[in-house]
Amino acid sequence: MDFRKILALCLLPGLLASCAAPPTALELGVCRQPAAVTVSYFDDPNVDYGFTDLRCADLSAWDLSDQAEDLLLADFDTRTRWPERLPEAFRPAVLLELGKDPGLGLRALHAQGITGKGIGIAIIDQTLLTEHQEYADRLRLYQEYHSAAEENASMHGPGVASIALGETVGVAPEALLYFIADDLSGKGSARDLTHYAEDIDRLITLNGTLPEGEKIRVISMSVGWMPDDPGAEAIEDAVARARDAGIAVVCVNSRDPLLEPWMGMGRAPYGDPNAVEDCRPGIFWEDSLYAGDYRGADGSLLLVPMDRRTLAAPSGGGEYAHYASGGMSWAVPWVAGLYALACQVKPDVTFEEFNEAARASAQPVSVTREGVKYPYGKVVNPQALLEALAGSLAPAKDPE
């Protein structure tokens with residue numbers, strides 16, 4: 001046999017450990033550092049985002065003084081270059097800073113030492129910007145599968161990671177991050193949930209090797225599915241295996257009794273992220289509330305922050321993006337982060353107990369429109385929830 005072929009065979013195990021073809025068993029560490037993305041779609045003639053996506057855009061020569069309504073619904077970031085002429089009602093620096101607050105009194109809890117320290121949060125999502133300052137020092141695992149291994153950093157991966165455990169914008173700023181980047185494209189690019197099912201099983205196996213004080217307690221997946229979707233049975237079986245192994249799983253699945261009550265909500269543009277009176281219906285579902293189609297019209301859903309969030313951006317390790325309108329993708333990691341805090345104050349807590357405490361301590365909210373009152377859910381109260389679980393908020397002893 002040719003010497004080069006022999007050498008290639010000897011090197012094959014190492015090659016298989018790369019991101020392009022990762023091993024079945026996960027190994028701690030960062031397999032690759034995906035490139036940051038600084039492209040603006042604003043000036044791309046092939047993409048029509050209007051004023052909805054202004055990230056990395058150079059608007060310095062524009063006159064936007066009459067665009068307040070559109071700008072308050074636009075996404076932008078710390079690389080957006082603004083003109084001198086902006087509407088008085090649009091203050092991007094203020095919006096950016098307000099959006100960094102995870103809300104609902106969490107920063108006060110962080111000051112008390114309730115930070116999720118030593119609690120593992122696993123996320124399965126799109127490609128991550130691994131070096132972002134919000135989580136880089138607590139990134140214990142980064143592995144990629146399928147086309148995610150060929151992609152630059154996405155906006156989604158850094159966003160969900162920073163919501164769950166970002167150092168300054170996250171719910172659990174001292175939790176540990178285990179991240180798998182994957183896609184849901186199957187044969188012929190059809191959506192295939194078996195990819196995520198396999199990832200869940202990999203995380204279950206990995207967790208059996210982790211020392212106490214670094215265990216994964218919750219998996220966050222900002223994905224939903226219907227029963228007839230390809231791979232639906234496989235992912236539901238994997239979720240059940242994870243729960244049997246003591247790992248909670250949070251995803252977008254309103255048919256799951258453990259996840260059905262959770263919903264994301266909005267906030268007044270310049271409202272206090274910690275004030276219930278500044279909470280609003282979520283931008284993406286507000287119209288359905290008034291039309292009578294909202295599934296939480298009885299006021300039973302548990303509401304967490306979703307809209308008007310400032311998160312880690314894919315454009316650089318110190319860059320941030322403000323997303324005016326969120327989706328359940330932003331609500332899922334927020335719930336996962338809150339569960340990590342619950343695991344810190346009550347190490348043997350179950351997700352069922354967590355749900356019960358959240359329901360019992362949440363505050364009902366409603367909105368009045370044209371003289372009609374619309375209940376739309378109950379805002380989660382993290383301090384009351386954690387006190388109900390722990391009896392007090394003296395944090396659990398740090399892991400040895």
Side-chain angles (χ1 to χ4, degrees), residues 49-53 64-76 86-92 94-99 101-106 163 224 252 254-255 257 259-310 322-332 334-335 338 355-385:
Y49 285 123
F51 278 93
T52 62
D53 189 347
L64 302 178
S65 55
D66 61 348
Q67 299 289 337
E69 185 176 349
D70 287 338
L71 290 171
L72 285 172
L73 292 175
D75 299 337
F76 60 90
L86 285 173
E88 291 184 6
F90 180 67
R91 293 169 285 163
V94 176
L95 293 171
L96 197 77
E97 200 58 35
L98 281 171
D101 191 330
L104 302 186
L106 284 173
I163 289 172
V252 186
S254 61
R255 299 179 313 283
L259 304 177
E260 184 275 335
W262 296 96
M263 177 60 78
M265 65 177 172
R267 174 171 57 82
Y270 296 100
D272 182 348
N274 302 289
V276 173
E277 56 267 26
D278 286 334
C279 295
R280 296 289 185 273
I283 292 173
F284 88 82
W285 55 259
E286 183 175 16
D287 288 345
S288 69
L289 172 66
Y290 305 135
D293 300 325
Y294 175 56
R295 71 181 180 91
D298 60 353
S300 62
L301 296 184
L302 291 171
L303 300 168
V304 300
M306 175 182 69
D307 294 341
R308 305 199 181 281
R309 290 304 315 276
T310 299
H322 180 79
Y323 300 101
S325 175
M328 286 302 292
S329 285
W330 286 174
V332 164
W334 203 99
V335 175
L338 186 60
N355 269 2
E356 290 175 7
R359 285 183 185 276
S361 57
Q363 180 176 336
V365 287
S366 61
V367 62
T368 300
R369 187 187 192 208
E370 297 179 351
V372 179
K373 185 177 181 179
Y374 296 87
Y376 62 91
K378 298 178 180 179
V379 177
V380 170
N381 184 331
Q383 177 155 341
L385 185 163

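FYI, side chains are in, hydrogens and waters are out, and symmetry mates aren't considered; it's all heavy atoms of this structure.
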Listed once per pair and sorted, the side chain to side chain donor-acceptor pair (under 3.5 Å) pairs that draw on residues 267-284, sequence neighbours left out: Asp101-Asn274, Asp272-Asn274
Within residues 356-379 or reaching into it, pairs that qualify as side chain to side chain donor-acceptor pair (under 3.5 Å) - sequence neighbours excluded: none
Output the distance between atom OG1 (Thr52) and atom CG (Leu71), rounded to the nearest 0.5 Å. 11.0 Å
State the CE-CD1 distance between Met306 and Ile283, to the nearest 0.5 angstrom. 7.5 Å
From the list Leu302, Val304, Leu104, side chain to side chain contact (heavy atoms under 4.5 Å, CB included) partner of Val379 resolves to Leu104
Locate the shortest heavy-atom distance separating [X] from [Y]; write the atom from each residue and the value.
X: Pro382; Y: Leu338; result: CB-CD1, 3.9 Å
X: Ile163; Y: Trp334; result: CG2-N, 3.5 Å
X: Ala89; Y: Leu72; result: O-CD2, 3.9 Å
X: Leu303; Y: Gly264; result: CD2-O, 4.4 Å
X: Met265; Y: Trp285; result: CA-CZ2, 4.4 Å
X: Pro305; Y: Pro102; result: CG-O, 3.6 Å

May I ask you to test the Phe76-Leu96 pair for a side-chain heavy-atom distance under 4.5 Å?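 With C-beta onward as the side chain, the pair touches.
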Under a 4.5 Å cut-off applied to non-hydrogen side-chain atoms, are Ser325 and Leu73 in contact?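 Counting from C-beta outward, Ser325 and Leu73 never come under 4.5 Å.
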Assess whether side-chain contact (heavy atoms from CB on, under 4.5 Å) is satisfied between Gln67 and Phe90, documenting all intermediate values. CA-CA 9 Å; Gln67 299 289 337; Phe90 180 67; over 6 Å; no
Would you please test Tyr290 and Val372 for side-chain contact (heavy atoms from CB on, under 4.5 Å) and show each step? CA-CA 9 Å; Tyr290 305 135; Val372 179; over 6 Å; no
Excluding sequence neighbours, so at least two apart, what forms side chain to side chain donor-acceptor pair (under 3.5 Å) with Ser288? none
Can you list every pair that meets salt bridge (charged side-chain N to carboxylate O under 4.0 Å, His left out) and has a residue in residues 288-308, with sequence neighbours left out?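 The answer is Glu260-Arg295.
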Which residues pass the ring pair (Phe, Tyr, Trp, His ring centres under 6.0 Å) test with Trp330, not counting sequence neighbours?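 Applying ring pair (Phe, Tyr, Trp, His ring centres under 6.0 Å) to Trp330 gives His156, Tyr323.
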I'd like to check the salt bridge (Lys or Arg N to Asp or Glu O under 4.0 Å) partners of Glu97; sequence neighbours left out, ordered by chain and number.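 By the salt bridge (Lys or Arg N to Asp or Glu O under 4.0 Å) rule, Glu97 matches Lys100.
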Give the C-alpha distance, both sets of side-chain angles, the deciding distance and a yes or no for side-chain contact (heavy atoms from CB on, under 4.5 Å) between Leu64 and Asp70. CA-CA 10 Å; Leu64 302 178; Asp70 287 338; over 6 Å; no
